Amino acid sequence: MSKELLGALDVLETEKGIDKQIVIDALEAALVSAYKRNYDQAQNVEVNFDQRKGDIHVFAVKKVVDQVYDSRLEVSLDEALTINKGYEIGDDIKFEVTPKNFGRIAAQTAKQVILQRVREAERNIIYNQYSQYENEIVTGEVERQDSRFVYVSLGKVEAVMGRQDQMPNETYRIHDRIKVYVTRVENATKGPQVFVSRTHADLLKRLFEQEVPEVYDGTVEIMAIAREAGDRAKVAVRSNNPDIDPVGTTVGPRGQRVQTIVNELGGENMDIVEWTDDEAKFIANALNPAEVLDVIFDPNNERACEVVVPDYQLSLAIGKRGQNARLAAKLTGYKIDIKSESEASAIMEADQAADETASDDSAADAPVADDTTTDTASDETPADATTAATPEDAADTTDDGASSTADVASDATTDTTDNGDDAE
């Protein structure tokens with residue numbers, strides 16, 4: 001058994017990459033448990049594995065004491081001195097207690113430990129290998145399918161693709177080879193679990209990196225992706241080189257580059273638009289292929305705007321089932337309200353008419369306030385004039401003056417009475 005065990009440890013280290021010392025430590029711990037379980041011994045047991053010969057030895061560790069209360073755990077000082085004159089109270093002495101038939105138990109335990117370590121090592125190797133592919137594209141083969149997942153073989157591991165990660169326009173058959181995007185890798189208790197997707201937006205980005213060298217080296221940068229998997233996608237690109245057209249470079253000669261990606265995704269349509277810092281222009285580009293006449297931002301909502309398009313392009317701007325507008329909103333991050341040119345003009349005219357009506361009402365209210373002020377002032381003036389004139393008339397007594405004073409007073413009285421009636 002010793003030679004076989006040593007050979008197995010060497011094979012594990014060379015072929016599986018498992019450190020021999022890790023297996024030996026695990027084996028010694030497992031043998032301690034096996035000894036206690038099979039021989040009902042106390043907890044003071046140690047197992048040593050001879051790496052040179054492959055032999056296994058079991059030792060009971062006992063403490064030197066004056067008076068022994070438990071012979072399984074303690075040894076008297078007198079007995080300890082017969083073994084070695086240097087022992088003192090408190091020292092630990094190891095006594096070999098290896099059972100004669102312990103080899104069979106050791107072999108079974110070693111087998112279990114080695115198998116367990118092999119499984120753990122393989123799991124770690126697979127996890128470390130595929131965790132490097134997280135957020136990357138890999139090619140796999142469809143193995144089987146059930147109501148929840150499509151199982152894709154990636155070589156040493158079987159990845160799962162949930163229903164939300166499956167393309168609605170694709171049918172997966174056994175042995176089909178497909179490109180998938182690794183969304184995450186989990187080191188679960190049953191082994192590494194790899195999750196892949198065909199609908200993730202970054203799958204599109206990685207495909208463009210594979211097909212377009214300028215995207216791979218960063219000359220052309222993909223800034224945003226809005227995708228309804230299997231149907232249509234919009235990709236916003238910009239160039240870090242002023243001499244390179246980002247849209248033309250991405251599309252390729254006669255559309256060859258983008259057509260390769262379309263074919264890979266089962267005919268999913270692609271709109272490649274130019275990304276720009278000018279938000280109004282970017283929103284107009286995002287609504288491609290529709291023509292945009294004007295972009296009006298909402299002053300009450302910084303992430304909302306109104307887009308005006310020609311009447312004959314309203315349906316094109318909105319798209320089938322609102323898809324074009326929906327993807328443009330997702331691409332730009334704006335809430336987009338699309339209106340035709342005639343509808344926008346009608347709304348503008350209605351707003352102008354409302355403004356004119358409001359200004360007319362304000363103008364009509366203004367004279368009323370002036371008349372009231374004038375009337376009030378005129379009502380007060382004759383009375384004040386009569387009061388002020390009375391002393392002068394008294395000083396300069398003439399028949400004409402008296403009659404004039406009487407006329408003014410009578411006029412003032414009449415006006416005041418009339419104004420009072422008007423007020424009532």
Side-chain angles (χ1 to χ4, degrees), residues 15-18 115-212 215-216 222 224-235 258-271 320-323 326-327 329-331:
E15 295 186 0
K16 300 292 184 179
I18 305 174
L115 291 176
Q116 181 182 1
R117 288 295 170 176
V118 168
R119 286 193 296 266
E120 291 177 357
E122 289 178 344
R123 290 175 184 176
N124 291 332
I125 291 172
I126 294 173
Y127 175 76
N128 293 331
Q129 177 182 354
Y130 286 94
S131 60
Q132 299 175 3
Y133 293 107
E134 194 168 341
N135 301 326
E136 297 293 340
I137 282 183
V138 295
T139 301
E141 181 178 336
V142 177
E143 284 192 336
R144 56 194 175 91
Q145 183 176 3
D146 58 23
S147 59
R148 296 186 305 158
F149 299 109
V150 171
Y151 298 88
V152 182
S153 173
L154 302 181
K156 294 182 179 179
V157 68
E158 186 179 67
V160 296
M161 183 166 59
R163 296 185 64 85
Q164 72 278 6
D165 295 311
Q166 301 171 23
M167 299 271 281
N169 62 328
E170 291 182 341
T171 301
Y172 304 101
R173 298 179 179 86
I174 297 177
H175 303 310
D176 283 351
R177 293 191 64 80
I178 57 175
K179 291 183 178 180
V180 292
Y181 179 79
V182 181
T183 57
R184 69 182 190 276
V185 180
E186 296 180 357
N187 199 3
T189 55
K190 294 183 179 180
Q193 185 71 67
V194 181
F195 296 88
V196 297
S197 173
R198 290 274 293 172
T199 61
H200 201 284
D202 284 344
L203 171 66
L204 205 55
K205 185 176 181 179
R206 295 290 181 258
L207 288 174
F208 273 108
E209 289 175 351
Q210 289 183 353
E211 295 297 329
V212 184
V215 174
Y216 180 78
I222 296 178
I225 297 176
R227 185 183 180 204
E228 293 186 359
D231 194 356
R232 190 175 182 183
K234 286 182 179 287
V235 182
V258 73
Q259 189 59 45
T260 303
I261 298 174
V262 170
N263 294 338
E264 172 63 32
L265 298 178
E268 183 176 323
N269 295 319
M270 299 285 165
D271 290 338
K320 186 179 180 181
R321 300 186 303 275
Q323 185 183 63
R326 187 166 58 250
L327 287 174
K330 189 183 297 184
L331 188 71

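Given the structure is predicted, the values throughout are model-derived calculations rather than measurements.
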Identified side chain to side chain contact (heavy atoms under 4.5 Å, CB included) partner of L203 from the options V196, I137, D165: I137
SB check E120 R123 (cutoff 4.0 Å): no
Verdict with supporting geometry, E158 and R144, side-chain contact (heavy atoms from CB on, under 4.5 Å): CA-CA 10 Å; E158 186 179 67; R144 56 194 175 91; 3.1 Å; yes
Min side-chain heavy-atom separation V194-I126 under 4.5 Å: no
Main-chain N/O of K205 paired to D202 side chain as donor or acceptor, under 3.5 Å: no
Heavy-atom check, side chain of D271 versus side chain of L331, under 4.5 Å: no
Spatial distance of atom OH (Y151) from atom CD1 (I174) [nearest 0.5 Å]: 13.0 Å
Distance (rounded to the nearest 0.5 Å) between K234 NZ and R326 CZ: 11.5 Å
Test salt bridge (Lys or Arg N to Asp or Glu O under 4.0 Å) applied to E134 - qualifying residues, sequence neighbours left out: none
Of I225, N135, T183, the residue whose pairing with H200 passes side chain to side chain contact (heavy atoms under 4.5 Å, CB included): T183
Nearest-0.5 Å distance, CG of residue N269 to CD of residue Q323: 8.0 Å
Test item: R163 side-chain N/O and S147 main-chain N/O as donor-acceptor pair under 3.5 Å: yes
D231 with K320: basic N within carboxylate O range, under 4.0 Å: no
Side chain to side chain, H175 and E141, heavy atoms closer than 4.5 Å: yes
Heavy-atom donor-acceptor pair, N169 side chain to G266 backbone, under 3.5 Å: yes
Side chain proximity check, V152 to L154, heavy atoms < 4.5 angstrom: yes
R227 CZ to T199 OG1 distance, which is reported to the nearest 0.5 Å: 6.5 Å
T171 OG1 to D176 CG distance, which is reported to the nearest 0.5 Å: 9.5 Å
Minimum side-chain heavy-atom gap Q166-Q145 below 4.5 Å: yes
Check against side-chain contact (heavy atoms from CB on, under 4.5 Å), V157 and Y127: CA-CA 9 Å; V157 68; Y127 175 76; over 6 Å; no
Test item: R198 side-chain N/O and K179 main-chain N/O as donor-acceptor pair under 3.5 Å: yes
Heavy-atom side-chain proximity of V150 to E170 below 4.5 angstrom: no
Side-chain donor-acceptor pair present, Q132, N128, cut-off under 3.5 Å: no
M167 backbone acceptor or donor facing Y172 side chain under 3.5 Å: yes
Plane angle bin for Y133 and Y130 - parallel if under 30°, tilted between 30 and 60°, otherwise perpendicular: tilted
Verdict with reasoning, V258 to V235, per side-chain contact (heavy atoms from CB on, under 4.5 Å): CA-CA 11 Å; V258 73; V235 182; over 6 Å; no
Test item: E136 side-chain N/O and V182 main-chain N/O as donor-acceptor pair under 3.5 Å: no
